[in-house]
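We name chains A, B, ... by the order of the sequence lines, and we start the count at 1 in each one. Just so it is clear, the values below take in all heavy atoms, side chains as well, and ignore hydrogens, waters and symmetry mates.
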Amino acid sequence: MKYDFKSIEEKWQKKWSDSGEFKIDENTDKPKYYTLEMFPYPSGNLHMGHVRNYSIGDVVARYKKMQGFNVLHPMGWDSFGLPAENAAIKNGLDPADWTWSNVDNMRGQLQRLGFSYDWDREVATAKPEYYKFTQWMFEQLYKHGLAYKKKSYVNWCPSCATVLANEQVVNGKCERCKSEVGKKDLEQWFFKITDYAQRLLDDIDKLDGWPDKVKSMQTNWIGRSEGAEVKFKIDGRDDYLTVYTTRPDTIFGVSYMVIAPEHPVIDELISGSETEAQCREFIKKVQSQSEIVRSATDTEKEGVFTGTYLIHPFTGDRIPLYLANYVFLDYGTGIVMGVAAHDQRDFDFAKKYNLPIKIVIQPEGQNMKSEDMTEAFAAEGIMENSGQFDGMNNKDALKTIIEYLEENGIGERKVNFRLRDWLISRQRYWGAPIPVIYCPHCGEVLVPEEQLPVLLPQNVKFTGQGQSPLSECEDFVNTVCPKCGAPAKRETDTMDTFVCSSWYFLRYCDPHNDKMPFDKDKADYWMNVDQYIGGVEHAILHLLYARFFTKALHDFGYIDCCDEPFKNLLTQGMVLKEGTKMSKSLGNVVSPEEIIEKYGADTARLFIMFAAPPERDLDWNDTAVEGAYRFLNRVWRAVDDLKEYLTDEKPNQSDLNEDEKKLRLAVHSTIKKVTYDCDRFNFNTAISSIMEMVNALYVYKEKTEKENYNKAVITEAVNALIVLLSPFVPHITSELWEMIGKTSNLSVEKWPEYDEDALVVSEIEIVLQINGKIRDKIKIDPNLSPDQMKELAMSSDRINELIDGKEVVKCIAVPKKLINIVVK
RNA sequence: GCGGGUAUGGCGGAAUUGGCAGACGCGCCAGAUUUAGGUUCUGGUGUCAGCAGACGUGAAGGUUCAAGUCCUUUUACCCGCACCA
């Protein structure tokens with residue numbers, strides 16, 4: 001019989017779907033295991049990255065299930081987002097129709113790959129029954145003071161015609177469409193993720209199962225720094241400006257101050273000053289610069305004197321205040337001390353504008369002169385020109401100076417984060433509407449919970465310009481105030497899709513609940529996610545937001561079991577073709593559909609799991625895919641040949657001949673190895689050891705006459721082969737299972753255990769070395785003591801020949817491995 | 001500049017603890033089967049050398065009886081952040 005993957009895969013996929021094979025619930029004594037792959041955006045078709053992501057997840061799910069866990073393995077759709085709306089603008093399609101037809105197509109593709117999802121738990125963020133609770137989440141955050149509206153300079157993508165979160169701006173460009181992002185002064189909705197900055201940072205240490213890379217990326221993104229805020233009095237006035245510095249020890253080295261051009265106090269400061277005209281011109285110039293130019297390290301530092309002086313709190317000196325393009329409004333206070341001698345940026349600026357360079361820290365044992373300096377001195381040293389702090393080590397001085405600042409009311413210790421609040425409103429249609437109503441009498445009012453969801457209106461015009469399409473939709477905008485009943489208007493912005501995906505893993509725990517986003521007991525049963533799998537591109541955005549949501553929901557009392565969503569994280573590598581990323585423009589895209597058509601889902605899955613370890617990039621190789629297909633055929637033929645030599649009897653180790661023992665050894669060492677490897681996600685080596693076992697089976701077949709087959713040993717080998725292979729290639733193994741007469745369900749078959757007795761060998765080969773070089777190999781009883789081993793080694797003719805006439809200095813024997821004789 | 005990572009045959013990749021470097025697969029070479037091609041089965045395949053042997057895990061040192069693995073220095077490449085005061 002031939003391996004007909006097409007009919008086999010169709011047959012089993014239908015069986016699984018008809019019987020609800022992968023349906024799961026909480027009513028069991030088994031320990032739970034929640035494995036989750038990042039849900040896809042329904043772009044229309046699966047790509048190889050998806051196939052890899054979900055193949056890895058499916059192997060984990062099936063393996064854990066066979067090990068006796070109650071496995072939650074769900075799938076869903078991150079189905080709000082811009083492409084649907086762009087399709088509407090371009091082709092006049094309804095975003096919902098476009099989305100749901102893509103979902104149907106992709107669901108079919110996932111099913112053709114044989115993934116073991118509990119489809120009853122499917123979620124889609126764009127369904128009212130889901131976004132109802134996204135809106136509920138917004139309201140919870142609002143009620144706890146974590147959602148608020150403010151006017152600020154925000155990132156604006158002209159092409160997407162919407163604002164963006166800081167995390168969505170990559171090198172000054174929109175992470176979605178790559179257009180240059182500008183700034184706009186707008187009133188927008190934010191989530192106060194900064195309230196959680198310290199906890200999000202501290203708890204990174206708890207994430208043992210996360211890759212270091214992702215942890216360090218999050219650490220850098222949160223960007224904690226310690227320093228002080230210091231007040232400088234404005235000369236000739238009674239008020240102060242406050243600066244933030246991480247180097248209060250250099251405060252005596254301040255020779256000028258710099259302020260961000262957008263700073264709100266500037267207008268007042270420069271009005272009427274002699275440099276007003278230049279200042280205004282400079283501000284205009286800086287604002288016209290793109291974020292990329294502005295934030296590039298090599299952009300020349302420029303500035304203009306404001307006409308204002310500040311008074312140094314220690315020396316009383318008058319310090320000139322400059323506008324400068326290298327100071328940012330949104331970090332610290334937007335005002336910085338200029339310490340030319342000890343900061344490279346300040347040094348460059350001071351050189352350009354001829355500002356004094358004042359040394360206050362000397363490298364130990366040296367006497368630097370400012371006129372000789374070619375770059376700033378930022379290392380440790382001894383304080384000088386710093387009044388009562390002279391002679392101190394600058395690290396000690398830093399602490400002492402902060403204490404002094406606090407005691408004298410000049411300043412205070414301050415921790416700063418780079419993390420900004422999360423801007424969540426978007427001027428787009430295809431997202432969850434923000435459930436807020438503006439009443440002329442009551443102001444900002446939440447839509448009452450019982451009125452959720454605020455539904456997206458239909459028959460909306462998409463122009464792709466200006467305001468959110470919702471704002472043109474009279475029926476939607478006009479409503480009544482839930483508090484006073486007066487005519488009122490709805491918020492017309494929708495939420496960033498990252499809000500929807502920040503809690504979907506909780507919804508899978510209880511996907512049909514229409515009262516609450518999830519039942520607390522169910523969430524406490526399933527959470528947290530034992531294994532999360534996805535691309536590293538979400539290292540900051542999604543993973544940070546999901547952590548924030550989980551912590552907030554935990555604090556609000558909706559989950560008890562954890563305040564971190566993902567216990568273990570696997571970031572899988574990319575799928576490449578000839579070393580480069582697959583892309584339409586390069587024309588090197590390998591379509592999963594074609595591969596399934598040509599070789600079947602099992603071959604696609606096997607190749608992907610075999611070709612590289614999961615976290616590494618994988619280079620697609622057509623001939624190696626053939627190799628995977630060849631292997632499955634080899635397995636098929638072996639089982640087909642041997643199916644008539646099966647028995648119910650178990651092998652008896654003591655009755656076996658050498659060939660039978662060898663086969664049994666191969667089988668049981670493979671069980672051991674595959675189990676070990678699967679526990680560590682070394683799927684490529686797990687598969688290679690199964691291949692070795694198949695090779696051993698062929699050797700046995702070759703060497704043994706059919707009438708002498710040991711049926712018990714063969715049966716054990718065939719069973720183990722099918723079971724061990726089943727998480728990787730579920731269709732062919734299900735068919736083979738049935739073919740050898742099994743009626744039980746393979747997907748819940750108990751994972752095999754190896755038999756120690758089968759691993760015992762009477763003889764092993766060890767290596768004889770002289771001075772670390774291999775000179776001979778001998779076969780010995782593995783249980784020999786080191787002394788017995790040495791004795792045997794010394795009786796080797798070859799060894800005696802080589803050490804003849806030399807002095808044996810030392811002899812090392814490592815049981816079961818080698819003997820090394822050291823001679824002079 | 002800061003942070004994370006990678007480097008092993010023609011290629012993808014193995015090598016749990018320091019203990020036979022190159023498992024497994026691809027490719028290639030040969031043999032068997034076949035009218036032939038394909039398929040399948042078997043054997044070979046790091047480099048140099050006829051053999052013995054020597055060399056070999058980015059580079060250079062070191063520790064050790066023994067190093068891909070540990071230590072020091074260094075190079076190249078990939079990824080992330082970056083005028084953050």
K.L.:
Nearest of B/G19, B/G13, B/A52 to any side-chain atom of A/Ala612?
P.N.:
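Nearest to the side chain of A/Ala612 among the choices is B/G13.
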
K.L.:
Ring pair (Phe, Tyr, Trp, His ring centres under 6.0 Å) between A/Tyr326 and A/Phe349: does it pass, once the steps are laid out?
P.N.:
CA-CA 9 Å; A/Tyr326 71 97; A/Phe349 191 83; 5.5 Å; yes

K.L.:
For the residue pair A/Tyr629 and A/Tyr3, does the interplanar ring angle fall in the parallel (under 30°), tilted (30 to 60°) or perpendicular (over 60°) class?
P.N.:
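It falls in the tilted class, 30° to 60°.
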
K.L.:
Identify, between A/Asp212 and A/Val822, the residue whose nearest nucleotide on RNA chain B lies closer to the 5' end.
P.N.:
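The residue mapped nearer the 5' terminus is A/Asp212.
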
K.L.:
Is the Lys NZ or Arg CZ of A/Lys231 less than 6.0 Å from the centre of A/Tyr240's six-membered ring, within 45° of the axis?
P.N.:
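Yes, A/Lys231 lies over the aromatic ring of A/Tyr240.
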
K.L.:
Using the C1' atom on both, measure B/G38 against B/U47 and round to a whole Å.
P.N.:
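Going atom to atom, C1' in each nucleotide, I get 35 Å.
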
K.L.:
Enter syn or anti for the glycosidic conformation of B/G9, syn applying to angles within 90° of 0.
P.N.:
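The base of B/G9 is oriented syn (glycosidic angle within 90° of 0).
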
K.L.:
When all nucleic acid strands are considered with a 4.0 Å heavy-atom cut-off, which category describes A/Asn416: base, sugar-phosphate, or nothing?
P.N.:
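Nothing: the residue A/Asn416, judged by heavy atoms under 4.0 Å, touches no strand.
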
K.L.:
For nucleotides B/G53 and B/U8, find the distance between their P atoms and express it as a whole number of Å.
P.N.:
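Between the two P atoms, the distance is 29 Å.
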
K.L.:
Does the side chain of A/Asn695 get closer than 4.0 angstrom to OP1 or OP2 of B/G25 through an N or O atom?
P.N.:
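For B/G25, OP1 or OP2 has a side-chain N or O of A/Asn695 closer than 4.0 Å.
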
K.L.:
Rounding to the closest angstrom, what is the interatomic distance between B/U45 and B/A21 at atom P?
P.N.:
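Comparing P positions in B/U45 and B/A21 gives a spacing of 16 Å.
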
K.L.:
Determine, for A/Asp348 against A/Lys352, whether the closest basic-nitrogen to carboxylate-oxygen distance falls under 4.0 angstrom.
P.N.:
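No, this pair does not count.
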
K.L.:
Counting only side-chain N and O atoms of A/Arg630, is one of them less than 4.0 Å from OP1 or OP2 of B/G27?
P.N.:
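A/Arg630 to B/G27 OP1/OP2: side-chain N or O found under 4.0 Å.
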
K.L.:
Under 4.0 Å, counting only non-hydrogen atoms across every strand here, what does A/Gly223 touch: a base, just sugar-phosphate, or nothing?
P.N.:
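Result for A/Gly223 = nothing.
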
K.L.:
Using OP1 and OP2 only, check whether a side-chain N or O of A/Tyr331 sits under 4.0 Å from B/A85.
P.N.:
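For B/A85, OP1/OP2 do have a side-chain N/O of A/Tyr331 under 4.0 Å.
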
K.L.:
Between B/C84 and B/C2, how many Å separate the two C1' atoms, rounded to a whole number?
P.N.:
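Those two atoms are separated by 12 Å.
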
K.L.:
The side chain of A/Lys213 lies closest to which of these nucleotides: B/C26, B/C79, B/G13?
P.N.:
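Per side-chain heavy atoms of A/Lys213, the pick is B/C79.
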
K.L.:
For B/G56, take OP1 and OP2 only and decide whether either is under 4.0 Å from a side-chain N or O of A/Lys773.
P.N.:
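So the side chain of A/Lys773 is outside the cut-off, no N or O lying under 4.0 Å from OP1 or OP2 of B/G56.
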
K.L.:
Return the nearest nucleotide to the side chain of A/Arg637; candidates are B/C83, B/U40, B/C65.
P.N.:
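Nearest to the side chain of A/Arg637 among the choices is B/U40.
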
K.L.:
Counting only side-chain heavy atoms from C-beta out, which of B/A54, B/C20, B/A82 sits nearest to A/Arg775?
P.N.:
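Selected nucleotide (nearest to the side chain): B/A54.
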
K.L.:
Counting just side-chain N and O atoms, does A/Asn684 come under 4.0 Å of either OP1 or OP2 of B/A14?
P.N.:
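For B/A14, OP1 or OP2 has a side-chain N or O of A/Asn684 closer than 4.0 Å.
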
K.L.:
Name the nucleic acid region contacted by A/Val243, choosing base, sugar-phosphate or nothing; use a 4.0 angstrom heavy-atom cut-off, strictly under.
P.N.:
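Nothing, no nucleic acid heavy atom in range.
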
K.L.:
Taking the basic N atoms (NZ, or NE/NH1/NH2) and the acidic carboxylate oxygens, is any pair closer than 4.0 Å for A/Lys183 and A/Glu262?
P.N.:
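A salt bridge is absent here (no side-chain N lies under 4.0 Å from a carboxylate O).
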
K.L.:
Which whole number of Å gives the distance between the C1' atom of B/C79 and that of B/C28?
P.N.:
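Comparing C1' positions in B/C79 and B/C28 gives a spacing of 35 Å.
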
K.L.:
Is A/Lys301 close enough to B/C83 that one of its side-chain N or O atoms is under 4.0 Å from OP1 or OP2 there?
P.N.:
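Negative; the distance criterion is not met.
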
K.L.:
Would you mind classifying the nucleic acid contact of A/Lys777 as base, sugar-phosphate or nothing, using non-hydrogen atoms under 4.0 angstrom?
P.N.:
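Contact class for A/Lys777: base.
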
K.L.:
Where the side chain of A/Val336 is concerned, which of B/G4, B/A85, B/C24 is the nearest nucleotide?
P.N.:
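For the A/Val336 side chain, the nearest candidate turns out to be B/A85.
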
K.L.:
Using the six-membered ring of A/Phe607, assess whether NZ or CZ of A/Arg605 lies under 6.0 Å from its centre and within 45 degrees of the ring axis.
P.N.:
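A/Arg605 over A/Phe607 ring: no.
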
K.L.:
What nucleotide among B/C26, B/C20, B/A85 has an atom nearest to a side-chain atom of A/Thr623?
P.N.:
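Nucleotide nearest to A/Thr623's side chain: B/C26.
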
K.L.:
What does A/Pro613 touch in the nucleic acid at a heavy-atom separation under 4.0 angstrom: a base, only the sugar-phosphate, or nothing?
P.N.:
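Sugar-phosphate contact only - A/Pro613 comes under 4.0 Å of backbone atoms but never of a base.
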
K.L.:
Nearest to the side chain of A/Phe610, which nucleotide is it out of B/G12, B/C26, B/C65?
P.N.:
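So the side chain of A/Phe610 is nearest to B/G12.
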
K.L.:
Which nucleotide sits closest to the side chain of A/Ile774: B/G19, B/A85, B/A21?
P.N.:
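Closest of the options to the side chain of A/Ile774: B/A21.
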
K.L.:
Identify whether any heavy atom of A/Gln769 sits under 4.0 Å from a base atom; if not, whether one sits that close to sugar-phosphate; answer base, sugar-phosphate or nothing.
P.N.:
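Base, at least one base heavy atom under 4.0 Å.
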
K.L.:
Provide the Watson-Crick or G-U wobble partner of B/G10, both distances under 3.5 Å; none if there is no partner.
P.N.:
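WC or wobble partner is B/C26.
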
K.L.:
Counting only side-chain heavy atoms from C-beta out, which of B/A54, B/C83, B/G3 sits nearest to A/Ser216?
P.N.:
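The answer is B/G3, which lies nearest to the side chain.
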
K.L.:
Looking only at atom P, what distance separates B/G46 and B/G9, rounded to whole Å?
P.N.:
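One P to the other, the span is 13 Å.
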
K.L.:
Which listed nucleotide (B/G53, B/A85, B/A82) is nearest to the side chain of A/Arg798?
P.N.:
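Per side-chain heavy atoms of A/Arg798, the pick is B/G53.
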
K.L.:
Give the ring-plane orientation class for A/Phe728 versus A/Phe683, where under 30° counts as parallel, over 60° as perpendicular and anything between as tilted.
P.N.:
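Plane angle over 60°, so perpendicular.
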
K.L.:
Measuring only the C1' atom in each nucleotide, how far is B/U69 from B/G58? A whole number of Å is fine.
P.N.:
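It works out to 16 Å between them.
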
K.L.:
Between A/Asn633 and A/Asp619, who's closer to the 5' end of RNA chain B by nearest nucleotide?
P.N.:
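The answer here is A/Asp619.
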
K.L.:
Can you tell me how far C1' of B/A82 sits from CZ of A/Arg345, to the nearest Å?
P.N.:
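These atoms are roughly 11 Å apart.
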
K.L.:
What orientation do A/Tyr353 and A/Tyr322 show, parallel under 30°, tilted 30 to 60°, or perpendicular over 60°?
P.N.:
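Geometry flag for A/Tyr322 against A/Tyr353: tilted rings.
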
K.L.:
Does any nucleotide pair with B/A21 by Watson-Crick or G-U wobble geometry, both distances under 3.5 Å, and what is it?
P.N.:
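None - no nucleotide pairs with B/A21, as no candidate has both distances under 3.5 Å.
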
K.L.:
In Watson-Crick or G-U wobble terms, both distances under 3.5 Å, what is the partner of B/C81?
P.N.:
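Because both required distances fall under 3.5 Å, B/C81 counts as paired with B/G1.
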
K.L.:
Are A/Phe417 and A/Val415 side-chain neighbours, meaning at least one heavy-atom pair lies under 4.5 Å?
P.N.:
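A side-chain contact exists here, since the closest heavy-atom pair is under 4.5 Å.
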
K.L.:
Can a side chain N or O of A/Arg616 be found less than 4.0 Å away from OP1 or OP2 on B/G12?
P.N.:
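So the side-chain polar atoms of A/Arg616 never come under 4.0 Å of the phosphate oxygens OP1 or OP2 of B/G12.
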
K.L.:
Sort out the partner of B/U74 for me: Watson-Crick or G-U wobble, both distances under 3.5 Å, none otherwise.
P.N.:
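Base-paired to B/G58.
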
K.L.:
What is the base-pairing partner of B/G38, counting Watson-Crick and G-U wobble geometry with both distances under 3.5 Å?
P.N.:
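Checking every strand shown, B/G38 finds no partner, since no pair has both distances under 3.5 Å.
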
K.L.:
Using a heavy-atom cut-off of 4.0 Å across all strands, would you classify A/Thr219 as base, sugar-phosphate, or nothing?
P.N.:
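Result for A/Thr219 = nothing.
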
K.L.:
Determine the Euclidean distance between corresponding P atoms of B/G80 and B/C70; express it in Å to zero decimal places.
P.N.:
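These two P atoms come out 27 Å apart once rounded.
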
